[in-house]
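Fair warning: this is a prediction, and the values are worked out from it, not measured in the lab. The chains referred to below are lettered A, B, ... by the order of the sequence lines, with proteins before strands, and numbering in each begins at 1.
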Amino acid sequence: MTYMQKPKIRHPRLKKNDLGLTRRDYEGVLSTLCAGCGHDSVTAAIIEACFELQLPAHRLAKLSGIGCSSKTTAYFLSQAHGFNSLHGRMPAIATGANLANRDLIYLGVSGDGDTASIGLNQFCHAVRRRLNMVYIVENNGTYGLTKGQFSATNDKNSKSKKGGNNLFEAMDLCALAIQLKAGFVARGFSGDKAQLVPLIKSAMRYRGFALLDIISPCVTFNNHAASTKSYDYIRDHSEAVDKLDFVPAQEEITANYDEGQTVNVTMHDGSSMRLHKLETDYDPRNADEALMHIRKRYAEGEVVTGLLYVDQEEEDLHSLIETTERPLNELSMDELCPGSQPLEELNNTLR
Amino acid sequence: MTYMQKPKIRHPRLKKNDLGLTRRDYEGVLSTLCAGCGHDSVTAAIIEACFELQLPAHRLAKLSGIGCSSKTTAYFLSQAHGFNSLHGRMPAIATGANLANRDLIYLGVSGDGDTASIGLNQFCHAVRRRLNMVYIVENNGTYGLTKGQFSATNDKNSKSKKGGNNLFEAMDLCALAIQLKAGFVARGFSGDKAQLVPLIKSAMRYRGFALLDIISPCVTFNNHAASTKSYDYIRDHSEAVDKLDFVPAQEEITANYDEGQTVNVTMHDGSSMRLHKLETDYDPRNADEALMHIRKRYAEGEVVTGLLYVDQEEEDLHSLIETTERPLNELSMDELCPGSQPLEELNNTLR
Amino acid sequence: MTGVNDFVVKFANVNGSGSASANSFFAKALFRMGLPVSPKNIFPSNIQGLPTWFEVRISEAGHLARREGVDIMVAMNPQTYAQDVEEVVSGGYLIYDSTREREFGRDDINVLGIPIARLCAFAFDDPRHRQLFKNIVYVGALAGLVGIEISVIEQIIFEQFKRKEHLNDANLKALHIGLDYSLEKFKCPLPLRVRQSDAATGKIMISGNDAAGLGCIYAGATVAAWYPITPSTSLAEAFERYLNKYRIDECGRKLGAVVQAEDELAAVGIAIGAGWNGARAFTATSGPGISLMSEFIGLAYFAEIPVVIFNVQRGGPSTGMPTRTQQSDIIACAYASHGDTRHVLLFPSDPKECFEMAAEAFDLAERLQTPVIVMSDLDIGMNTWVVDPLEWDDSRKHDRGKVLDAEALEALKEKWGRYKDSDGDGIPYRTIPGTHPEKGAYFTRGSSHTEYASYTEDGLVNAKNLARLLRKFKTAMSMVPRPTINQRDENSKLGIIYFGGTDHAVREGLDLLERDGYRLNALRLRAFPFSPDVAAFAAAHERVFVIEQNRDGQMRSLLITEAGIQAEKLIPVLNFDGMPLSGAFVAGCIQSTIETNEHVANALRLSVRAV
Amino acid sequence: MTGVNDFVVKFANVNGSGSASANSFFAKALFRMGLPVSPKNIFPSNIQGLPTWFEVRISEAGHLARREGVDIMVAMNPQTYAQDVEEVVSGGYLIYDSTREREFGRDDINVLGIPIARLCAFAFDDPRHRQLFKNIVYVGALAGLVGIEISVIEQIIFEQFKRKEHLNDANLKALHIGLDYSLEKFKCPLPLRVRQSDAATGKIMISGNDAAGLGCIYAGATVAAWYPITPSTSLAEAFERYLNKYRIDECGRKLGAVVQAEDELAAVGIAIGAGWNGARAFTATSGPGISLMSEFIGLAYFAEIPVVIFNVQRGGPSTGMPTRTQQSDIIACAYASHGDTRHVLLFPSDPKECFEMAAEAFDLAERLQTPVIVMSDLDIGMNTWVVDPLEWDDSRKHDRGKVLDAEALEALKEKWGRYKDSDGDGIPYRTIPGTHPEKGAYFTRGSSHTEYASYTEDGLVNAKNLARLLRKFKTAMSMVPRPTINQRDENSKLGIIYFGGTDHAVREGLDLLERDGYRLNALRLRAFPFSPDVAAFAAAHERVFVIEQNRDGQMRSLLITEAGIQAEKLIPVLNFDGMPLSGAFVAGCIQSTIETNEHVANALRLSVRAV
Ligand SMILES: Cc1ncc(C[n+]2csc(CCOP(=O)(O)OP(=O)(O)O)c2C)c(N)n1
Ligand SMILES: Cc1ncc(C[n+]2csc(CCOP(=O)(O)OP(=O)(O)O)c2C)c(N)n1
Ligand code: SF4
Ligand code: SF4
Ligand SMILES: [Mg+2]
Ligand SMILES: [Mg+2]
C-alpha cells in the first residue's frame, strides 16, 4: 500500500509566518508510527521549529537511515527533498550532499540503533569532520522497527519486552560527541517541546556539526529504565498472546519542567527515568565541564537535558578543506573542465 | 617470495624462564618492516613481556587487522596461532575466537588506521562488551602500509610527507575507551621499553578489555607532531626523487624518563612530540579523573603515558552472558546435541 | 471455490491490533482437526496501524502452496475494504464488522455482517480489551461458520493462557460471543466447512526460522552472532531460546554464546573467529546483511574457515520489500565477495528441511572448511508450516572434518601444511589454536599464501592454491545434498527445475498440468555446486522450465554456467512480486509457454511420440 | 633475445632503496629517444626491505605487453640472485654489484660485474648518499652498455632536480661514474642496444590512475571520496593534485572537494550523497573496497543515483595479492549487491582510455542514473604506459542526463513522477534538492516505491518498477562504448574476445599466431552490458577464445548468460598469476588448443575452406 499525503486544506485562520506559510505547510505524509510514539513528537517539534525559523522548506534536505525514527523524515516538510538511505549510513549521504551544495540545511534523523551500532563509525567521523548538519538521534534505547532488541544506548540491566536483561553499559552519545569535538551538543526529551523547539532552532542555525540526542520513548518496546515493577499491563498482555502483536494506542509522554529541575518521567510500561534540565547559569562553552556534568549526573541516575556544549568557533568541513563559497553543484561544466589547451601543455610535460 | 623463519639456533647461554624457554622461543618470522620502525620495538616488548610472564606460547592467540602494525603478529610467538584478518575487523575475529575458547589469551595488534577509521565501530563495541583481550594500537598517526595518508589520530595541522596539512582534530583512543567504559586503559611509547613491558604484562593479566595505545613512530611517513622545521633531510630527498621510494634505515627512537616527567621526543623527520609520564601517585581507578587528566595535558600539548585507568571489577563478556566455564570448543557433541528424545517431546508441543 | 476441507480464508487486519495471535489460533485449530493448513502472514514493514493480512489455505489433499482467490474474507480493516472485497471469489463470503453497516457492491458474494465492536463494547469494560478481543470474537464466529469444534479452540486458548487465568476467561468469553452470534444469525455451517480428518495426523506446525534455530542446536553450534533484520531475526532468537532450554550446565550457565553484534560485518566476523577457533558458529541475516558480509565471506573462503550463514531472503534489491519473500540473492551468495570465489549454498524447501539442512550445513562447512550459506526465505522462515515431525538419529555422528588434534599432530610423519592437499580432494587439514605446544601453529590470513600458510607473492604458488580451491569445490559437488527428482513420466521431454519454498506450488502445478494432459518431470535443487544429476536431468529433457522467485533468472544463469546446460533449453518462469508462489501460476506459465513456444511444443510432441 | 631497439631489461632491487626513481629515469630516457617502452613495476606489499623488480621492454615495433625472458638483468638484490639469474635468456647479460664478486653458475650468459658499492663509497661521504646513488650508478652504466645518449638522462635528472642544485650535481656525478666505468671496462654498446627512433614520437608516458584522475577533472567531477587501498590510491591522489592545479577560484579556494573517508562504505556513500545532490561524484577503490561498497551500490542502483566507481583491480580473492594485477572482480561488479541488480561496467585498456572512459563514465552515470564502474587494474593503473597524447574536444558537451531544473518543472504539464518512464527508454527524470520551492521534491529510498517515489508494499507495482529497470539496462546497451573489432581475416572462423589491459598482449599474440599460419579475428569488449556487436561477432565464428586474467572465466560466464552466446563456443584462456599478460602466453594457449581440441581444429578447417 502507498502512504497517503495529508489533505492540504488551508484553514484561513491558521497562523502564517513571514513566508506566508502555515504550520501545515511544514508537514509531510501521514505518520505510520505507533500512536503515541515519541518520534512523532519530535516530528512535531521539527515542524514547529521550521515554521518559526521561517524556513523555505525546499532549502532543507532531510536525510535518514533505517528504523522507525528514520522514517520520520517523510512526516515533515513535504516540499523538501528526502533521502531515506541505508541502515547506519546517513552520515555518509549527508557528507556527500553537503559537499555538493553547501547552501542547503541538512537535517539528519537517526535512531539509536542506526547511530550507536551499525552507524557508529560514520557518526564519529561526521563529528570529526565538523560536517555542517543537524544530527538528531531519536533515542529510545531499542530497535523499534525490528521489534525491540536492545540498542547500545540502552541502560544496563533494563528489561526488554521479551524478558531479556540488558547486560551492557549504555553509550552516551552526547559525551561521545563532545569527546570527538562536536561543535554543538544538546539533549532533549520528545515530550518537552518547550525545550526541544528552541534546541532544534539553535542547532539549525549553528554552522558545524550539531548533535541533538532526543530521548524519545517507544510505546511498543519501551524499556528505558531499569524498573522491574511488578504490575505491567502491556508486557503481561503481550506475553499472553505470545506474539508481540498487540500495540494499544498510547498517549504521548510529556514532561514540562524548569531549568535546574529534575523530574521523574513515567514510561508506557510503568518504568521511569529521571531527567535533569540544565541550570540557567550553566555555561555550555566548556567541553571539560560538559563532559563531567554528564558523567556526574549519570552516576546519580540522571540524564541531563539542555544545550550541553557549544564550540563558538563555527568551523565546518567546507572551511577546513577550502572549497569555493559557491555550491559545487551549481558550477558550470565550463568552469570545471580545463579544456584542450591545458591538456596540450600537460601532454608536453609527459614526454 | 616467502618469509623466512628465523634460524632457531639455541645459544646455551640464553636465559631461560621457568618453562625452559628463552626469549628466542618467543620470536616469530623475520620482520619485514622498515628498519627503525616503532612497531618492531613494540614486537620486542611483547616478546619480553611473554618471556617474563612465562607464557606457554600456544595458549595465546595473535590477532590483527591489516597494516604494517597488523603484520607484526607474525614477528612474535611462532608457536601461537595467528590470524591476520581484514582491515579494521580484528575485534570481531577476537570476539568470536574468545567466545569459542575463553581459556586462551587474546592479543590483538592493530594500527591507528585499522582502529580509528575503518575499525572504529568494532573497536568501540568490543570495549563495550568487555571482551577479555589485550588490544594494542601501534599508533603512528599515519597509514603506513598505504604510504602515508593521515589517520584519525593524527594531530591537527601536522604535515604529511607529501606536503599535505592535516585539517582534522586527533582522536584520542584512550579517552574514547574510558568514555566507553573500558576496563584497562594505558598509553605507552614504543621506545620506552621500561614502561611498556610492565604495561603489556599487566594488560595480559587483566580480565576484560585492556587497551594499550602505543605511540609508535613510522620512520617513513612519520608526521606525528606539528613541527614544520625547515631542515628535513628525508622529506627533502623523497620529494627530490619524486617517488616515496627511498627509505633510509633509521635507528629506533627511544625515550627513557621517569614518572611524572615530561620529555621531548624527536621524530625521524626532525619534528618532536612531548610525552608526559604519569606521576607515581596517580590513582588510575577513577575514570573521571583519568579523562580529565588526558584532556588537560592534551590542551597543553602533551601526551600522557602510563596506566591511565583500570576498573577493578574485572567483568568480561563471558561472565556477562553467562557462558559455561569450560571452553565452548571443547564441549563434546554429545553434550551439545539434545538427541532424539527431547525432539519427540518438542514435536508434541508443536501439534 | 471449493467445498469441504478445501478452501481459503483470509483475514484483513491492522497490525498491532492483536490479530496475528487470534488468526494463528484459527489456523492451529484446523490443524488440530487433522487438516493440512498453510497460514501466510502478509505484513507491512512497520509496527502498528498499517494493513496486514493473514491467509489460511485449508487443503485435505495436502496442497500447502498459496492459492489465489479468497473463499472467506474476514475484512476487519476499512482502509482496505475495496481491495479485500475484490479478492473474494464469486459465491464466496465476506465477514465484516457491521457495527457500522455498509454496502460492498458485489451481488455475487455473501456478506455476513457481525457487529463485532458492539458485541465487545457490551462484553468488556477496559477499552484495550474491547479492542483486543474483537479478534477472538471473529474467530469464534468463524468456528461456528466453518464448523470448527469449539473445544479445540478452547484448548488452544487454555494452553496459551494457562498461567493467566483472567486472560483465559476473557478469551473464552469473546470466543463464545462470536460463536453464539454466528450460530444464531447464520445458517451454520456454511458449505465451506471443515470436518475432522487424518490428513495432518502426526504432523507438526513450525516456522522455518524456528526449525533452523533448533537445527543449529542439534548441530552442536555454540556461537551465534547476528544483527536484527527482518525476516531472519527470529532464527537467531529461536537459537537463543532453545539454547536456554536445552543447554544449561549444572551451574546454570550456558553451553553456547549468542551475541547481538553491532552490525552484520561484525556478526559474520564473530562467527568466523569462532569457526577458526574450533567452535561451530553461525550468523543469520537477510539481503542487506549479505552485501555487508561479503568481504568477510571472501576471507573465510580464501583462509578456509568453516562458517554457516543463514540468508533468509526477502524482496530486493536494496532495502526493497523487507516483509515480502523472494529468491533473489542466488548470484550474490554463490559468488559473494570480489575475486574468484564460489560458495556452497543449500536450499531448504520447508521448515523440516531447514532443520535438517541447518544440521547438515555445519558438517559441510567443517568438512569443506568454507562458508556454507543456507538460502531460506521469508515465506519459509517466518510462516508456520505443517510438516512431518522433526527427526534426529542418535547414532548420527557430527562430522568435524579434517582437524588434527594433539595426538594426530604428534603422530604426523611428514611436514604438515595447513593448505596442503594431502588427500587429493582439495581439502587440507587444519588445527585449532591452543592444541599443541609446539606443533600445528600456523598463520591465517586473507593474503596469498603457500601450502605452509606462509605469505607469498609468488604468483604461481598462489595460482596453484587457487586451483586447489577449485578442486575442493568440485569435491563439494559430491558432498552436498543431491536433488530430489519427481519422475512423472519417463518419456516426457519436458522438465522443471526449481528449488526452495516453491516446492508445494510446483507439485500442485504439476498436478494441474497433468490434469490438463501435460506430464512433466521435475527436479528440485537442494544445493550448489550442482550434483551431476542436474546436468543429467537436463540432458534427458528437451526443454526445462526453471522456476524461481526473482527477476533475472539467477538460478538459470547458474545452471547455464555452472552445470553447463544450454541456455536455449532452460525456459525461465519468473515471479518476483514478493508473494509465495501458487500452483496455478506455475501451471499457467508453463501451459501458456507450451501453447506459444514452438520449441516447447516440439519437445512435447517428442514426449508424446516416445509414449 | 633480440637486437637493436628490441629487448627486455629487468632490475632486481630491494624496495625503499630509491631504485624506482632511478629505474624510471632509465625508461623515460629510452622513451625520449623515441622508443616505445613498457615499464612494469613488480613490487611487494610492504614499504622497505623486500624484493622488488622493474621490467622494461623496449620495442620499436610498439609491442608494449610484457615479454617473458630477460635480456639484461640488473641484479641488485642478493636475496633474489638465484631466481633472477635463471630468468636471463641464453646469451643475455647479468649486471651485478661486484664489490663482492661471485659466481652465478651459468656459462650461457654474460656476467658484467660493476663494483657499484665501492664506486659509491669512493664518491660520496654521506652513507645515505652512498646507498641512494648506487641506483644512479647502474643507470649510468646501462646508458653506456645499451647506448643511451647520456644528455637525455642528464636532462631528465635536471628536470627532476631543478629546484635542488646539490641533488642535481650529485645525481649527475653518480651517473657519470657508472657511464665511465662501463665505457672503460666493457665493449660498449652491447649488441642489445638502442638507437634514436621515431616510433614513440608525439606520444606521452602516463599511468592509468593519473589519467583517470585527470579524466574526472575533465568530466567536471567535483566530489571525490575515497579510502586508501593499493592500487587505487594514486587515482584519488591524482584527482586531488589536478584539482589543486586546475580548479582554484579567485580566492584560492577549490572548485571541488576531496574527502579521505573513514572506510569504503563511507566513501561510496559520500559519492552517492553528492550524486543525489547534483554533483558529479566518484570513488576509487579495489577488490575489498568493492565488497564493502556493495550494499550502497545496490541502493544507488535501485534509487537510481548516478555515481562513478573506479575499481582498480588487484589479485583476489580476499586481501589476495594487493600488489599484483588481475581481472577478477567482473562478476562481483556486474551484479554487486543482493537482489536483482545489474551494473554498467567500462573496461579501459590503457591509460589513454582511462582518461576517456573516466569522462564517459560520468555522462553515462547521469544519463542512466545508475552506478557506473570503471574496471581498471593494477597494471594499467599503476604502471606508466606509452600512449597517444590525451585529447579533449572543446565542443564536447557534458551530458547531464534527464534533470528537471526550476524552469522545466514550471513548464511541466503532466504530473511528474520520479520513477516514471515517460520516454519508453526506462530512464525517468530527476530533480536536484533545492531547485524549486513547490515542485519536484520527492523522497529517495532503497525500499520499494511507486512511479511517484512513494513507499509501496504492492508487489505488482514494485515488480513493474523492477521491470522498468531492466528496460533501462537495455537502453544502456546502446549508450555504452561499443567494442573494437580487429578483423584480420573475413573467413576466419576463430575469434578472440578480450578486454582491458591485455590489449597489447592479445595483439602481439595475434601477430605471433598469424606468423605461424593462424589468422584469428578479435573483439575487445569495452563495456557491459554488451552491445549486440558481441553476439554478432560470436555468431560469425565457430569458436571464440575468451582471454581473461582470472581463475573462473568470469567474463566468459557473462558472455554466456548476458550475451546469449553458447558455452561450447567460448574457450577460456585464463591467466591468474598476477603478472601482466604476454603475447606469447596468448599465442601459446591458443595454438595448443588448436592442436589438441578437435572442435577448434574443425573451426580452423572451416576457415581455411572458406578461403
Ligand atoms: C544492513 C541492515 N541491517 C539491518 C536492518 C534491519 N533494521 C531495520 S531498522 C533497524 C534498527 C532500528 O533501530 P533504531 O535505529 O534505534 O530505530 P527505531 O526503530 O528504534 O526508531 C534494523 C536493525 C537493515 N535495514 N539494514
Ligand atoms: C577494506 C580495505 N581497505 C583498505 C585497505 C588498504 N589498507 C591496507 S593497510 C591500510 C592502513 C593501515 O594503517 P594503520 O592501521 O595505521 O597501520 P600502519 O601501516 O600505519 O601500521 C589500508 C588503508 C585494505 N587492506 N582493506
Ligand atoms: S515500534 Fe516504538 S519506535 Fe517504532 S513506531 Fe512504534 S512506538 Fe515508535
Ligand atoms: S612504513 Fe612506517 S609503519 Fe610501515 S614499516 Fe615502515 S616505518 Fe613502520
Ligand atoms: Mg531506537
Ligand atoms: Mg598507522
Side-chain contact test, heavy atoms from C-beta onward, threshold under 4.5 Å: evaluate it for [X] versus [Y] and give yes or no.
X: A:E325; Y: D:R253; result: yes
X: D:T444; Y: A:N84; result: no
X: A:P338; Y: D:I217; result: yes
X: A:L99; Y: D:I270; result: yes
X: A:V29; Y: D:F443; result: no
X: D:E295; Y: A:R89; result: yes
X: A:L346; Y: D:K245; result: yes
X: D:Y218; Y: A:L336; result: no

What part of [X] gets within 4.5 angstrom of chain A, counting heavy atoms only: side chain, backbone, both, or neither?
X: D:D393; value: neither
X: D:Q260; value: backbone
X: D:R280; value: side chain
X: D:Y452; value: neither
X: D:F302; value: neither
X: D:K203; value: backbone
X: D:A261; value: both
X: D:I206; value: side chain
X: D:H436; value: backbone
X: D:I305; value: side chain
X: D:A266; value: both

Which atoms of [X] approach chain D - backbone, side chain, both or neither, heavy atom under 4.5 Å:
X: A:P56; result: neither
X: A:L104; result: side chain
X: A:R326; result: neither
X: A:S332; result: neither
X: A:A80; result: backbone
X: A:L331; result: side chain
X: A:L60; result: neither

Partner chain A: residue of [options] with the largest heavy-atom pair count (under 4.5 Å):
options: D:V386, D:D210, D:L255; result: D:L255
options: D:P389, D:G459, D:G275, D:A219; result: D:P389
options: D:P437, D:S447, D:G446; result: D:P437
options: D:G278, D:A257, D:A200; result: D:A257
options: D:G434, D:S448, D:A279; result: D:G434
options: D:G269, D:C251, D:G440; result: D:G269

Query raised in the report: Given D:E262, which of A:R129, A:Q122, A:R128, A:H125 fulfils the side-chain hydrogen bond (donor to acceptor under 3.5 Å, both in side chains) condition?
Result: A:R129
Query raised in the report: Does any donor atom in the side chain of A:H81 or D:T431 lie under 3.5 Å from an acceptor atom in the other side chain?
Result: yes
Requested in this report: Return yes when atom CD of D:E438 has more than 12 non-hydrogen atoms of other residues, nucleotides or ligands closer than 6.0 Å, and no otherwise.
Outcome: no
Separation of [Y] [atom2] from [X] [atom1] (nearest 0.5 Å):
X: A:L328; Y: D:R247; atom1: CG; atom2: CZ; value: 9.0 Å
X: A:L86; Y: D:I272; atom1: CG; atom2: CD1; value: 7.5 Å
X: D:T222; Y: A:E335; atom1: OG1; atom2: CD; value: 11.5 Å
X: A:S85; Y: D:L299; atom1: OG; atom2: CG; value: 7.0 Å
X: A:M333; Y: D:F362; atom1: CE; atom2: CZ; value: 9.5 Å
X: A:L343; Y: D:L214; atom1: CG; atom2: CG; value: 6.0 Å

Requested in this report: Look only at the side chain of A:R351 and the backbone of D:I204, and say whether a donor-acceptor pair between them is shorter than 3.5 Å.
Outcome: no
Query raised in the report: Do the side chain of D:N277 and the main chain of A:A97 share a donor and acceptor less than 3.5 angstrom apart?
Result: yes
Query raised in the report: Which atom names give the shortest non-hydrogen contact between A:T323 and D:G256, and what distance separates them?
Result: CG2-O, 3.1 Å
**Report entry** Nearest non-hydrogen partners of D:W392 and A:S340, listed with the distance
**Finding:** O-CB, 3.2 Å
Report summary line: Counting heavy-atom pairs under 4.5 Å with chain D, the top scorer among A:N347, A:N329, A:D103, A:L317 is A:N347
Requested in this report: Tell me, with the steps shown, if A:L350 and D:F31 meet side chain to side chain contact (heavy atoms under 4.5 Å, CB included).
Outcome: CA-CA 11 Å; A:L350 299 169; D:F31 170 65; over 6 Å; no
Requested in this report: Decide side chain to side chain contact (heavy atoms under 4.5 Å, CB included) for D:Y246 and A:C337; before the verdict, give the C-alpha distance in whole Å, the side-chain angles of both, and the deciding distance to 0.1 Å.
Outcome: CA-CA 9 Å; D:Y246 291 123; A:C337 177; over 6 Å; no
